[in-house]
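Remember, it's 1-based here, ligands and their atoms both numbered in the order they're listed.
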Amino acid sequence: MNATSTPKPVTYATVTWDQLHRDARTLAATLMEKHGPFRGIVAITRGGLIPAAILGREMGCRLIESVSVISYAGEEGTQHQPKVVKAPTAAGDGEGFLIVDDLVDSGITAQFVREMLPKAVFACLYAKPDGKPLTDHYVTEVAQDTWVLFPWDTAPLFVPPLVRNEKD
Ligand SMILES: O=P(O)(O)OC[C@H]1O[C@H](OP(=O)(O)OP(=O)(O)O)[C@H](O)[C@@H]1O
Ligand SMILES: Nc1nc2[nH]cnc2c(=O)[nH]1
Ligand SMILES: [Mg+2]
């Protein structure tokens, strides 16, 4: 197995559904201003699927293709050579298409998909410094040592109060 362990991130950044929705709408506005309508969107599964749905709705784009790439295994990062398990056939060489992902970290996934669709525009919501050069557009930069927790990675939990009175 050709796997490498990435250094463990030291902090977490939690993204709520509201924040993700706002950021996707911000990205849609930028993309419409800079590129106008796209012929179609290619979502990098799985993380790019929800951003692609929001962008498709905002930009009036109904042709949603996907590319399934497996780059990581397990939680927080054993990185493998990316493997395509479903190709974005409908997107041709990417002309008129937007590639969407939730985030770029090392940039390995973005680079891999860009090589498959050289004429497409690449956008994501969050970008770490190493992956940033691989994007055409992103919304928010996140430190390299931060692990982004998406809404689908988390669930609300009960947290006991600081002070608990015996008779309550
Ligand atoms: O820039 P990189 O270092 O390549 O990392 C970024 C990729 O990692 C995550 O996907 P992941 O492989 O965890 O799969 P998932 O989207 O199916 O959860 C994320 O959704 C990006 O696609
Ligand atoms: N959820 C999540 N997946 C990733 N894949 C690569 N980096 C990250 C990250 O920071 N958060
Ligand atoms: Mg992904």
Seminar exercise, completed: One finds that the ligand 2 atoms under 4.0 Å from a non-hydrogen atom of Asp153 are 1 (N)
Exercise. Checking Arg114 side chain against Leu134 main chain: does a donor-acceptor pair fall under 3.5 Å?
Worked result: yes
Seminar exercise, completed: On a heavy-atom basis, the closest approach of Val67 and Pro88 is CG2-CD, 3.7 Å
Exercise. Residues two or more places apart in sequence or in another chain: which of them pass salt bridge (Lys or Arg N to Asp or Glu O under 4.0 Å) with Arg39?
Worked result: none
For this session: Run the numbers for me: atoms of ligand 2, each under 4.0 Å from some heavy atom of Asp105, listed by number.
Result: 6 (C), 7 (N), 8 (C)
Exercise. Would one find an N or O of Gly107, backbone or side chain, under 3.5 Å from an N or O of ligand 1?
Worked result: yes
Exercise. Given Val148, Asp102, Val15, Asp101, which one has a non-hydrogen atom that is nearest to atom 2 (C) of ligand 2?
Worked result: Val148
Problem set entry | For Thr45, atoms of ligand 1 separated by under 4.0 Å from a heavy atom | 16 (O), 17 (O)
Exercise. Could you state the interatomic distance from CD1 (Ile50) to CH2 (Trp152), rounded to the nearest 0.5 Å?
Worked result: 5.0 Å
Exercise. Is any N or O atom of Gly47, backbone or side chain, closer than 3.5 Å to an N or O atom of ligand 1?
Worked result: yes
Problem set entry | Gln19 and Arg22: side chain donor to acceptor below 3.5 Å | yes
For this session: Any atoms of ligand 2 less than 4.0 Å from a non-hydrogen atom of Lys128? List them with their elements.
Result: 7 (N), 9 (C), 10 (O)
Exercise. Which one of Leu103, Ile108, Leu134 has a non-hydrogen atom at the shortest distance from atom 6 (C) of ligand 1?
Worked result: Leu103
Problem set entry | Atom indices of ligand 1 within 4.0 angstrom of Asp102 heavy atoms, with elements | 19 (C), 20 (O), 21 (C)
Less than 3.5 Å apart, which donor and acceptor atoms pair up between the side chains of residues 119-127 and the rest of the protein, not counting sequence neighbours?
unit_1, atom_1, unit_2, atom_2, d
Lys119, NZ, Asp93, OD2, 3.4
Tyr126, OH, Asp23, OD2, 2.6

For this session: Would you mind listing which atoms of ligand 2 come within a distance below 4.0 Å of any non-hydrogen atom of Phe150?
Result: 1 (N)
For this session: Answer whether the closest heavy-atom distance between the side chains of Thr89 and Glu65 falls below 4.5 Å.
Result: yes
